[in-house]
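Got a structure for you, written out below as structure tokens; questions coming shortly.
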Amino acid sequence: MTQMELARRGTISPQVKHVAEKEGVDADFIIRGLANGEIIIPANVNHTGLIPCAIGKGLRTKVNANIGTSSDFCDLNTELRKLQTAIEFGADTVMDLSTGGDISAIRRAIVGASTVAIGTVPIYQAGIEAIENRGAIVNMTVDDIFAVIEQHAKDGVDFMTVHCGVTQESLARLKKQSRKTDIVSRGGAFLIGWMVHNDKENPLYQYYDRLLDLALEYDFCLSLGDGLRPGCLADATDRPQIQELIILGELVERAREAGVQAMVEGPGHVPLDQIATNVQLEKSLCHGAPFYVLGPLVTDIGAGYDHITAAIGGAIAAAAGADFLCYVTPTEHLSLPTAEDVKVGVIASRIAAHAADIVKGVKGAKEWDEEMSKARKALDWKSQAKLSLDPELSHQVHSRIPSRGVTCSMCGKYCAMAIVEKYLGVSATRC
Ligand code: SF4
């Protein structure tokens, strides 16, 4: 039985028990959210070694890190190092987006080494194998697609991006819309190429029940992908994007009826003043399904710094109700990330998620900041490092240009904290 089905029977699974303790909420709260679809726990029955996390309403905002090989660079050890870096710096989930080398072997190694939930986009592998075995993506068969999905499920993948909302209907709207960047989703592009060439409906939409059967068997979550997400600010919140979202909302309902866990993916590139609207639209059209946003990036000109443009958008989206942020690294739009880029991306996204959690009233979020403020006031450098997202960096930077006294070298002997202590008698912990 899926976590959703168990919850509907009132069963407190070990996964529910664990996430309730971790979030500091009652198991009943998790059960209610799972039962109505507002909370998901991605936990494939075949992912041994998984420490589950829950995503959704009333819970801490979660962060995903994308890793994976490409056709230009493929090294399993590098990807495993990125996985460990992502976990070490606090990613709640990791997606393996590999498109180079032995994709199945890489996925199995990543799932086997991961304590966090793993997501994939099976259409990548199906498309690449169609090129290798049948000469072109457009020659991919429906069975090819479902065989790859089943293989990912058997291998223990906890959530899968499936672009079921890229239909002939949404494609018709796309054709009428003069977009600046058309389609920026790889999965969406593969499927649209196939649909146009074969003049057929998207198999993931047409045979959605087949997908639901597999999700039921292995309890992987559907991450209903946004193949028509905007790839630039000018294309944000347009008719094709919203058309796809309407379809995804209908598919969320069908998943829930079947007892399958589902979340919805969102943009992309969105101007600041449209982010909250996008969240409200998703929550309304998809009946409160957990919203997983890819950024969103708030400007198109941040190349090299897109972890920042995405963190700005992520904070606004999460504060407005988005539940799950997909990180963006400084190499976005430019190249495959290194392990260091993964670290920077995870931390940027965690800052966004935490900033939102403070205003969402998530248990422990505000208190964490208060602890840091106390340590700052006390000039307690050890505690400040310990409370930061990157303790090692915090310590290194503080030591780089050392202060001659107990303060930091920014203001030295004119430290406001030290002056106030002297005149108002507030005690400081010397480190
Ligand atoms: S020296 Fe300046 S920056 Fe450093 S702790 Fe004191 S007030 Fe803050």
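First listed ligand is number 1; within each ligand, the first listed atom is number 1.
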I'd like to know if Glu5 pairs up with Arg8 as an ion pair, taking the criterion as any Lys NZ or Arg NE/NH1/NH2 lying under 4.0 Å from an Asp or Glu carboxylate oxygen.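 Result for this pair is no, no salt bridge flagged.
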What protein N, O or S atoms come within a distance below 2.8 Å of atom 6 (Fe) of ligand 1, ordered by chain and number?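 N, O, S partners closer than 2.8 Å: Cys415 SG.
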List every atom of ligand 1 that sits less than 4.0 Å from any heavy atom of Trp381, numbering the atoms from 1 in the order shown and giving each element.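 Contacts of ligand 1 toward Trp381, numbered from 1: 5 (S).
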Spell out, as yes or no, whether a donor-acceptor pair under 3.5 Å connects the side chain of Glu244 to the backbone of Leu228.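 At least one qualifying donor-acceptor pair exists.
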Qualifying residues under ring pair (Phe, Tyr, Trp, His ring centres under 6.0 Å), relative to Tyr292, sequence neighbours excluded: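 Ring pair (Phe, Tyr, Trp, His ring centres under 6.0 Å) list for Tyr292, sorted by chain: Phe324.
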I'd like to know if atom 7 (S) of ligand 1 has any protein heavy atom within a distance of less than 4.0 Å.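 So far as the 4.0 Å threshold goes, atom 7 (S) of ligand 1 is in reach of a protein heavy atom.
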For residues 95-118, which residue pairs pass the salt bridge (Lys or Arg N to Asp or Glu O under 4.0 Å) check, not counting sequence neighbours?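 Counting only pairs at least two positions apart or across chains, the salt bridge (Lys or Arg N to Asp or Glu O under 4.0 Å) contacts touching residues 95-118 are Arg107-Asp155, Arg108-Asp155.
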Looking only at heavy atoms, what is the nearest atom pair of Val279 and Ala320, with distance?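 Taking every non-hydrogen atom into account, CG1-O, 3.3 Å.
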Counting only N and O atoms by type, is there a donor-acceptor contact under 3.5 Å from the side chain of Lys283 to the main-chain atoms of Ala289?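 Between the backbone of Ala289 and the side chain of Lys283 there is a qualifying donor-acceptor contact (under 3.5 Å).
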Can you pull out every side-chain hydrogen bond (donor to acceptor under 3.5 Å, both in side chains) where at least one residue sits in residues 23-34? Sequence neighbours excluded, please.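 Pairs touching residues 23-34 that pass the test: Glu23-Lys62.
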